[in-house]
A.B. asks: 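My questions will all concern the structure given below.
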Amino acid sequence: MKKLWWLLLAALPYPAVASMEDPVARPCYMCTASEMYERAESLGVGQHYIYDGASWTNIQGFNVTEVGGQRVATHFVPEPWIRTQYNALMRMYDAGTGRFVDQWGTVDLPAPGSPHGFNAQTATDTVLWGHHVSDLNPSHPEARQTVNRLLSRAVRFSFLHADTEHGRILRFESQADGRMPLISKLNIFLFLGWVESFFDYDTRQWVYLRSSDGSYLVQEKAEDFLYSDGTPRTFTYTREFLPYFQQRADWAGVAVVGQPPMGYRNASYRCSIREGKPLCELL
């Protein structure tokens with residue numbers, strides 16, 4: 001059954017890559033109409049899209065030409081697909097972080113190697129969560145593909161296909177160099193944290209970004225068992241999550257010393273460098 005599920009997923013086509021350059025929306029925060037014209041002219045000759053950073057709906061188009069040695073902007077109404085994408089993306093915009101994040105409710109996807117049924121007693125094994133998509137997990141390509149196929153089919157992202165003629169996607173100025181991509185955040189069923197993916201505008205595909213087990217970012221490599229500067233770090237896990245922490249450590253070549261007593265509820269491990277290698281010890 002598992003093989004059939006995987007073959008069905010693999011058979012689905014990826015969306016086509018755009019053949020024309022994507023337009024870029026330039027901000028003009030709380031601008032007046034005349035200031036929008038000025039902003040467009042400052043960008044040079046060509047077609048430009050200017051939006052009011054304080055509005056979910058106000059995006060305008062301008063054609064800038066040179067007349068008598070001066071730049072002149074002529075307004076036009078943006079194409080319907082431009083407005084569709086702009087409105088959808090602005091609803092996801094978080095002004096505090098500058099990120100475009102689509103927050104899902106909760107999802108329940110089958111983990112690699114699991115049956116299709118859900119068993120509340122073994123949710124960490126049957127439901128796909130951060131442990132399965134981590135770089136450390138040998139099955140992570142299959143797990144990530146499952147996530148990618150969910151996102152590529154999701155009706156909530158149909159706005160990405162609004163330009164039916166050329167397949168273009170509106171980019172915001174802050175996204176032009178990849179700094180603030182569109183992010184999908186899947187909140188995993190029950191207590192299993194979340195999984196984030198970002199939309200790669202160049203390939204038109206979703207790419208795994210990072211995940212959380214609800215308490216920490218899931219480790220992707222041996223260095224993640226320490227702080228980013230290499231200093232010691234302590235992890236506290238419930239008995240449900242501890243075996244998975246230990247398994248990721250084993251995959252990363254990080255030794256885990258000490259086994260909690262029977263009946264424990266939480267266990268803390270301090271990870272540090274010992275003899276040049278990461279080591280996690282029970283506190």
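Numbers for residues simply follow the sequence, beginning at 1.
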A.B. asks: I need the minimum non-hydrogen distance between Thr236 and Ser268, along with the two atoms involved.
C.D. replies: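 Smallest heavy-atom distance, with atoms named: OG1-OG, 2.6 Å.
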A.B. asks: Please list all pairs meeting disulfide bond (SG atoms under 2.5 Å apart) that have one or both residues in residues 238-267, counting only residues at least two apart or in different chains.
C.D. replies: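 Counting only pairs at least two positions apart or across chains, no disulfide bond (SG atoms under 2.5 Å apart) contact touches residues 238-267.
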A.B. asks: Output the rest of the hydrophobic cluster of Ile273: all Ile, Leu, Val, Met, Phe, Trp and Tyr residues reachable through side-chain heavy-atom contacts under 4.5 Å, sorted by chain and number.
C.D. replies: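 Same cluster as Ile273: Leu226.
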A.B. asks: Which residues, ordered by chain and number, are linked to Trp194 in its hydrophobic cluster, where ILVMFWY side chains connect at heavy-atom gaps below 4.5 Å, directly or through other members?
C.D. replies: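 Hydrophobic cluster check, Trp194: joined to Leu217.
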A.B. asks: Is there side-chain contact between Ile169 and Gln85, with at least one heavy-atom pair below 4.5 Å?
C.D. replies: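 With C-beta onward as the side chain, the pair touches.
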A.B. asks: Arg39: what forms a salt bridge (charged side-chain N to carboxylate O under 4.0 Å, His left out) with it, not counting sequence neighbours?
C.D. replies: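 By the salt bridge (charged side-chain N to carboxylate O under 4.0 Å, His left out) rule, Arg39 matches Glu173.
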A.B. asks: Determine the sole option in Tyr269, Phe245, Tyr216 for which the ring pair (Phe, Tyr, Trp, His ring centres under 6.0 Å) test with Phe225 is passed.
C.D. replies: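 Considering Tyr269, Phe245, Tyr216, a ring pair (Phe, Tyr, Trp, His ring centres under 6.0 Å) with Phe225 is found only for Phe245.
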A.B. asks: Under the rule for salt bridge (charged side-chain N to carboxylate O under 4.0 Å, His left out), what residues qualify as partners of Arg274, not counting sequence neighbours?
C.D. replies: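 With sequence neighbours excluded, Arg274 shows a salt bridge (charged side-chain N to carboxylate O under 4.0 Å, His left out) to Glu281, given in chain and number order.
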A.B. asks: Return the set of residues passing side chain to side chain contact (heavy atoms under 4.5 Å, CB included) with Val77 (not counting sequence neighbours), or none when no residue passes.
C.D. replies: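 For Val77, the residues satisfying side chain to side chain contact (heavy atoms under 4.5 Å, CB included) (neighbours in sequence not counted) are His75, Arg83.
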A.B. asks: If the condition is ring pair (Phe, Tyr, Trp, His ring centres under 6.0 Å), which residues does Tyr86 pass it with, not counting sequence neighbours?
C.D. replies: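 Scan of Tyr86 (ring pair (Phe, Tyr, Trp, His ring centres under 6.0 Å), adjacent residues dropped) gives Tyr51, Phe172.
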A.B. asks: Would you say Val101 and Val207 are hydrophobically clustered, going by side-chain heavy atoms of ILVMFWY under 4.5 Å?
C.D. replies: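 Both belong to a single hydrophobic cluster.
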A.B. asks: Answer yes or no: is there an ion pair linking Glu240 with Arg265, defined by an N-O contact shorter than 4.0 Å?
C.D. replies: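 Salt bridge flag = no for Arg265 with Glu240.
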A.B. asks: With Lys221, which residues qualify under side chain to side chain contact (heavy atoms under 4.5 Å, CB included), at least two apart?
C.D. replies: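 For Lys221 the side chain to side chain contact (heavy atoms under 4.5 Å, CB included) partners, ignoring immediate neighbours, are Glu223, Asp224.
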A.B. asks: Output all residues satisfying salt bridge (charged side-chain N to carboxylate O under 4.0 Å, His left out) with Arg171, sequence neighbours left out; order by chain, then residue number.
C.D. replies: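 In terms of salt bridge (charged side-chain N to carboxylate O under 4.0 Å, His left out), with neighbours along the sequence ignored, Arg171 is linked to Asp22, Asp202.
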A.B. asks: Test of understanding: with salt bridge (charged side-chain N to carboxylate O under 4.0 Å, His left out), list the residues that count as partners of Arg71, not counting sequence neighbours.
C.D. replies: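 Checked Arg71 against salt bridge (charged side-chain N to carboxylate O under 4.0 Å, His left out); zero matches.
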A.B. asks: Per the disulfide bond (SG atoms under 2.5 Å apart) rule, what does the pair list look like for residues 22-101, sequence neighbours excluded?
C.D. replies: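 Sorted pair list: Cys28-Cys31.
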A.B. asks: Does any pair with a residue in residues 196-231 pass disulfide bond (SG atoms under 2.5 Å apart), and if so which ones, sequence neighbours excluded?
C.D. replies: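 Matches after skipping sequence neighbours: none remain.
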